[in-house]
Structures are given as C-alpha cells and as structure tokens.
Amino acid sequence: MRNNGRVLGLILVGAGVALLLVVSIWVIAGVAEGRYEGLAAPVLGIGMALLFGTVPLVGIGAFLLIKNRQEERAMAEVQKERQLLNMVQTRGQIDIPSAVLELQVTRDTLRNYIYDLVGKGLFTGYVNWERGMLYSRQAGEMPTDRCPNCGGQLQLAGKGVVQCPYCGSEIFLKG
C-alpha cells in the first residue's frame, strides 16, 4: 500500500505526456491537411492542452512522486531506529561501532536515533561515548540519583538526558 502515491504519480505523469502527444498529433495532422489558416489555432490548441491538461497532470504526478520518495526515506529512518531499539533491548548492551556498522549509519546519525528514541519515551538506559557502549535498562532498574556506570551522584532536572559529571556517561530517563 505504500507505493500508491508512486503508482498514481506515474499514471498522472504518463497521462499528461500522452495527452500532449495526442493533441500535438491531432494539431499536426490538421495543419498537414490544411484545416487551419495560419498558426494561431494550432498554437492555441497545443497551448490549451499544455495549460489545462499536461501541466496540471504532470505537476500533480511529480508532486506525488516526490512526496512518496520523502515518505520512503522517513520510513527507512524509522525502520533503522526500530532496529537499533531491538538490538539494544535484546542484547542489553551494544558497542557503538558495531551498531554503526550494522545499521550502516554515521556515529552522529546513531546519536540522533538514540536521542529521538529517548524523546519518544521508547528507550531508557545509558551510553558511555568514550567506551563506545550503549546499555539498555528498564525504567524501574535505573537509579534515580546515581550514575549506573560509575555510581557518581547525579543532579536530575527532569526526564530525558542527564550527563554524569564524573564519567561523562549520558543517562536516558523516562519522566
């Protein structure tokens, strides 16, 4: 069902091109048979076909194709985030370089995926960027005032991301 916009876009672009082709052949045949005096009527006919037929059909078709491509890219990003979440939740911990290779993304993109999952309330745990490890923890298992990595005292200011001032780990909490 995801490709409905793509199929409809291709149909509209094809219909617009076909309409212009049919009108052009019809006008050229009329000129060849001598049905028109001058070029005003043929030019007007082709212009009307372009203005009221081809341009709207091709424009809407192109819009649908572009929109479908954007939706496919967004769905691919969501799928990679889901894959990352599954990886860390099933294994309990993953090393960042392996996740980068497995997902075929950059480290910065992986960081954005993690923050997005935290922002959506789908992930709790912590990450140590220096060691390159991402740890998953259930919200009930997460200490509320201590770093799960080094045990250092944390100053919590709400939900989201808290960075340990001692080891630099980022702790992801649900509010």
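Starting from 1, each residue takes its place in the sequence as its number.
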Enquirer: Indicate the atoms forming the closest heavy-atom contact of P97 with G132, along with that distance.
Expert: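 Smallest interatomic distance, heavy atoms only, reads CD-O, 3.8 Å.
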Enquirer: Side chains of D95 and S98: is there a donor and an acceptor less than 3.5 Å apart?
Expert: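 Looking only at side-chain atoms, S98 and D95 do form a donor-acceptor pair, the distance falling under 3.5 Å.
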Enquirer: Measuring from I114:CD1 to L134:CG, what's the distance to the nearest 0.5 Å?
Expert: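 It comes to 4.5 Å.
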Enquirer: Is any side-chain heavy atom of K67 closer than 4.5 Å to a side-chain heavy atom of E71?
Expert: yes
Enquirer: Determine whether L84 and W129 fall in the same hydrophobic cluster, where Ile, Leu, Val, Met, Phe, Trp and Tyr are linked whenever their side-chain heavy atoms lie under 4.5 Å apart.
Expert: yes
Enquirer: If I take atom CG from residue L39 and atom CD1 from residue I46, how far apart are they, to the nearest 0.5 angstrom?
Expert: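 It is 9.5 Å, given to the nearest 0.5 Å.
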Enquirer: How far does CD of E81 sit from CG of N86, to the nearest 0.5 angstrom?
Expert: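 It is 12.0 Å, given to the nearest 0.5 Å.
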Enquirer: Establish, from distance only, whether the side-chain atoms of R82 and Q79 form a donor-acceptor pair under 3.5 Å.
Expert: yes
Enquirer: Can you see which heavy atom on I94 is nearest to which on A99, and at what distance?
Expert: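 In this case the closest contact between I94 and A99 is CD1-CB, 3.7 Å.
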Enquirer: To the nearest 0.5 Å, how far apart are CD in Q104 and CG in L110?
Expert: 13.0 Å
Enquirer: So S169 and V127, do their side chains get closer than 4.5 Å, heavy atoms only?
Expert: no
Enquirer: Which side-chain N or O atoms in residues 10-34 pair as donor and acceptor under 3.5 Å with protein atoms at least two apart or in another chain?
Expert:
from : atom 1 : to  : atom 2 : distance (Å)
S24  : OG     : L20 : O      : 2.7
E33  : OE1    : R35 : NE     : 3.0
E33  : OE1    : R35 : NH2    : 3.0

Enquirer: Under a 3.5 Å threshold, yes or no: a donor from one side chain and an acceptor from the other, between Q83 and Y113?
Expert: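 Y113 and Q83 do not have a side-chain donor-acceptor pair below 3.5 Å.
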Enquirer: So if you build clusters from Ile, Leu, Val, Met, Phe, Trp, Tyr with side-chain heavy-atom gaps below 4.5 Å, do V105 and L122 land together?
Expert: yes
Enquirer: Side chains of Y115 and E170: closer than 4.5 Å at any heavy-atom pair?
Expert: yes
Enquirer: Using a 6.0 Å cut-off, check whether atom CD of E37 has over 12 heavy atoms from anything other than its own residue.
Expert: no
Enquirer: Just verifying a value: how many Å separate E130 CD and N149 CG, rounded to the nearest 0.5 Å?
Expert: 10.0 Å
Enquirer: State, yes or no, whether a side-chain contact exists between I171 and C147 at a heavy-atom distance under 4.5 Å.
Expert: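 Yes. Closest side-chain heavy atoms under 4.5 Å.
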Enquirer: Answer with yes or no whether the hydrophobic clustering places M133 together with Y166; edges join I, L, V, M, F, W, Y residues whose side-chain heavy atoms lie under 4.5 Å apart.
Expert: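 M133 and Y166: separate clusters.
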Enquirer: Quick check on the hydrophobic clustering: are L57 and F63 connected, directly or via other members, by side-chain heavy-atom contacts under 4.5 Å?
Expert: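 Hydrophobic grouping puts L57 with F63.
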Enquirer: Within this structure, what is the CD-NZ distance for the pair E102 and K80, rounded to the nearest 0.5 Å?
Expert: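 It is 11.0 Å, given to the nearest 0.5 Å.
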Enquirer: Determine yes or no for a side-chain-to-main-chain donor-acceptor pair under 3.5 angstrom, with R6 supplying the side chain and L65 the backbone.
Expert: no
Enquirer: Please find the pair of heavy atoms, one from V100 and one from R107, that lie closest to each other, and give the distance.
Expert: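 Closest approach of V100 to R107: CG2-CA, 3.9 Å.
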Enquirer: Please name the pair of heavy atoms, one in P165 and one in L154, separated by the smallest distance, quoted to 0.1 Å.
Expert: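 Scanning both residues completely, I find the closest heavy atoms to be CD-CD2, 4.2 Å.
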